[in-house]
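So that the names make sense, note that chain A is the first sequence line, chain B the second, and so on, each numbered from 1. The shown structure was predicted, so the numbers you read here are calculated from the model rather than taken from an experiment.
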Amino acid sequence: MAEVDFEKIEKKWQKKWEEEKIFYADEKSKKKKFYVLEMFPYPSGTGLHMGHALNYTIGDIFARFKLLKGFNVLHPMGYDALGLPAENAAIKVGTHPEEYTKNSMKNFTTQLKKLGFSYDWSRILNTSDPEYYKWDQWIFLKMLESGLAYQKESVVNWCPECKTVLANEQVVDGKCWRHENTKVESKYFKQWFLKITDYADELLRNLDNMEWPEKTKNMQKHWIGKSYGAEIDFIVNDNKWPVFTTRPDTIYGVTFVVVSAHHKELEKLVTKEQKKEVDNFLKKIKSVSEKDIAVLEKEGAFTGSYAINPVTKEKIPIYVGNFVVADYGSGMVMAVPAHDKRDYDFARKYKIKIKVVINPVDFELNSENITEAYVGEGTLINSGKFDGLSNEKAKEEIIKFLENLKLGKKSIQFRLKDWGISRQRYWGTPIPMIYCDKCGVVPVPFKNLPVKLPKEVKFGKGNPLLTNEKWINVKCPKCGGKARRETDTMDTFVNSSWYFLRYADPKNKNKIFDSQKALYWNPVDVYIGGAEHACMHLIYSRFYVKFLRDIGLVNSSEPANKLFHQGMLHADGGEKMSKSKGNVVEPLATIKKYGTDSLRLFLVSVASPDKDFDWSEKGIQGSSRFLKKVYSYFENFKEGKSSPEVEIKLNNTIKNIEEYIETFEYRKATIELRELFDSISDGGAGKKVLEKFLQLLNPFCPHITEELWEKLGNKGFISNSVWPKSEEIKIKENLKKDLYEKAIENVFEVVKKVETRGEKISKVYLYVLPFELEKYNPENLKKKFGKEVFIYRVNDAKKHDPEGKSKKARPGNPGFWFE
RNA sequence: GUGGAUGUGCCGGAGUGGUCAAACGGGACGGACUCAAGAUCCGUUAGCUUACGCUUACCAAGGUUCGAAUCCUUGCAUCCACACCA
């Protein structure tokens, strides 16, 4: 078999596609629009990895398929260019983040182009471009106008050595990533927040009607976390301290209260005598990451203060604990050790009283014999006038009771928190605010946007922006007096929360985007990316779209109709690909060896693209072998006649592949393609059939199919040809007969079996689907079975069907009953 | 702990009540070609049998059914996510 020069073919067609701009999208087209989007990459210095290749191949196949199907396809690409790694490179190697990012982007573009993706490169986007982040700032100011952006004190990780705030990922085992002997401290800063919680209800509600993976929707539901309960006031030193609980029915069992270690007013509760103990406890907390806190054992310390239980009037101790979240509810919880597992463990550890107030349905429980928390249903005991009520009923009654005493109320809590966007670092969007001594916090006027990042800053100690005094010092936009810029920048998730909208009109200098264009393209029809973004990016984007809708810029409420997560790609042998293990497979090296089309085909033919799978050198060799086979068949092909079998197979394949691509079952599509090719090379085929085969293969292997399309004598590109139609008649006629006969054969078999068991059968009843009724001929069947045969439609109200066997009827298979 | 997913032949992985000893790919084995290797092509790949066929098989044990990889129950194992949510 002749060697195929994949590289030459790839270069040739990539150049032609670019010259003819066949993938450039235009909103003036009369065709129906279709927007395919893959999550844009963070351009890291290490270049494109195989996971990117998989992600973009999945999207590219979809986009190319839709183009062939006659849609006006938008398939753009860009870079999420602001972020921490660029800044880390500046600290470690001394490159300016801007240079680092520029180089990385250039590198990424070259690599992406070699993979032959059908991007509209004229729409390329770069979030580190002031022309882009200007609109981040614009949205921020709009949110400020709407009251959605606000400042509040919040806790962060602080490295006293670097004098800077650390991201959770920069905290390693409670220590700074750069100073392994320096313990990270908790520090409170005033920071900017976006009030995503205003949209909590809608974010939750819409999920039900969205065509997103159920798993993702569940994760989001959990993340938003709506819970119903009560807010109850406990009295501490004559002040009201509210707590939120979902179990007001257990209020009589409260024996202590726990306040979060990060509670703003913790100091007020700590007495002189207990100060030392509490401080020692606080030192043990490693970072503000709640994931880190979660790993810790439930621990705490007595604050020295007491609270009054509003119903029993008992005096109960207040503890500070590492398992209470400061930002949820009021940052304080009432603890019922008898009926909550964490409270139980905590009470046992610190020898606090345990009081049973719910008696289980099926056994006796009391405060002496309890060995674990009982969290189930039951009736109230030890609860004053509420004794004997079911705990469900008690929830309502107790809330009513507290409301009358003005000591509590019904309450709904979301676990979703407002989104803290302040980052004390350089390579992000500057927050467009100014601090004036006289006027206070003043927004930068719209006409002065963008607030550009100054290039001259020093890296290594503290927030780099603090090192450029010239940039910081400005005149107050209100009074013209001395003022200073906000030096915090925005979380980079801000940049990616609306980029898909900007693709509709990426070069607009005057507006965030032209509304007509945005309305035309949005929402995204298919969005493809990793499941790790299920909560953060995919919730923030939903929030942004809702906000932009509310200020009249778009009319859709959700960013994407359909969402797909690709699986994780592991190294040969199942381990994670990582540099330190030396098992990384580079897309570029692979292409050089086997060709881009082989790589694309392999990536989608090992497993369903949503499942994790292992890289396999043997596997890609198999894909490459298949393409060589195809190529050599076309080279030596002599025009022949297509057999009916090949025609049937072809038409079946067209239909199936359409379905498979729509549902991302690419693996099945590649199997059908192999089968079709087998029957072509076995039975011979005419030119028309070969052309159609190439078109079916084109979304997966665009280069080689262009080449062979041309070899067959076609002018123009196969990539924007018209997808073949499957001719229904050719598919079914033969098969249908078969199926009917098989179905009858089946029934016949069963009759024989039952008779050999000794049962007598004289009547056979068949229940068939209405549209199949005509195929059944009672006379013929009577002859075959030698018995009376009755045929009913399944929905016939008068049918004789003593055991409901008609429910078993399916297409091609009747239900049956014998007597 | 909570939530979710999965368990199929040597391996990856289809298959959701009869067309299943189970697609497709990989591997292994045998053969053809070749001085030879590679590539390519053909065949075999649960057991017994020349074959018809029979037996054993889709994590395990029960169950439903004329019929189960597929439906139900229980158990076991593996994987993933998470913000201990009061």
At 4.0 Å (heavy atoms only), tell me whether [X] reaches a base, stays on the sugar-phosphate, or touches nothing.
X: A/Tyr660; value: nothing
X: A/Arg674; value: sugar-phosphate
X: A/Ser616; value: nothing
X: A/Glu675; value: sugar-phosphate

Nearest to side-chain heavy atoms of [X], which nucleotide of [options]:
X: A/Lys618; options: B/rG26, B/rA86, B/rG4; value: B/rG26
X: A/Arg415; options: B/rC85, B/rA86, B/rA23; value: B/rC85
X: A/Arg625; options: B/rA86, B/rG26, B/rA23; value: B/rG26
X: A/Met219; options: B/rA14, B/rA81, B/rA86; value: B/rA81
X: A/Arg667; options: B/rG12, B/rG4, B/rG18; value: B/rG12

In whole angstrom, give the distance that lies between atom [atom1] of [X] and atom [atom2] of [N].
X: A/Leu601; N: B/rG25; atom1: CG; atom2: P; answer: 12 Å
X: A/Gln220; N: B/rG3; atom1: CD; atom2: P; answer: 19 Å
X: A/Asp340; N: B/rG1; atom1: CG; atom2: P; answer: 15 Å
X: A/Met334; N: B/rC85; atom1: CE; atom2: C1'; answer: 14 Å
X: A/Arg247; N: B/rC84; atom1: CZ; atom2: P; answer: 20 Å
X: A/Asn218; N: B/rU2; atom1: CG; atom2: C1'; answer: 13 Å

May I ask which nucleotide in the shown strands pairs with [N], Watson-Crick or G-U wobble, both distances under 3.5 Å?
N: B/rG43; answer: B/rC29
N: B/rU70; answer: none
N: B/rG9; answer: none
N: B/rA14; answer: none
N: B/rA37; answer: none
N: B/rA23; answer: none
N: B/rU64; answer: none

| query | Has A/Thr246 got a side-chain N or O lying under 4.0 Å from the OP1 or OP2 atom of B/rC85? | reply | no

| request: Kindly say if A/Lys417 contacts the phosphate of B/rC85, meaning a side-chain N or O under 4.0 Å from OP1 or OP2. | output: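 It does not, given that no N or O in the side chain of A/Lys417 lies less than 4.0 Å from OP1 or OP2 of B/rC85.
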
| task | Step through it carefully: locate the ring centre of A/Phe346, locate the ring centre of A/Phe256, and say whether they are under 6.0 Å apart. | result |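 Close enough - the centres of the two rings lie under 6.0 Å apart.
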
| said: Just verifying a value: how many Å separate A/Ser541 OG and A/Phe493 CZ, rounded to the nearest 0.5 Å? | reply: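 Spacing of OG (A/Ser541) from CZ (A/Phe493) equals 9.0 Å.
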
| query | Do the rings of A/Tyr633 and A/Phe677 sit parallel, tilted or perpendicular, given the 30° and 60° boundaries? | reply | perpendicular

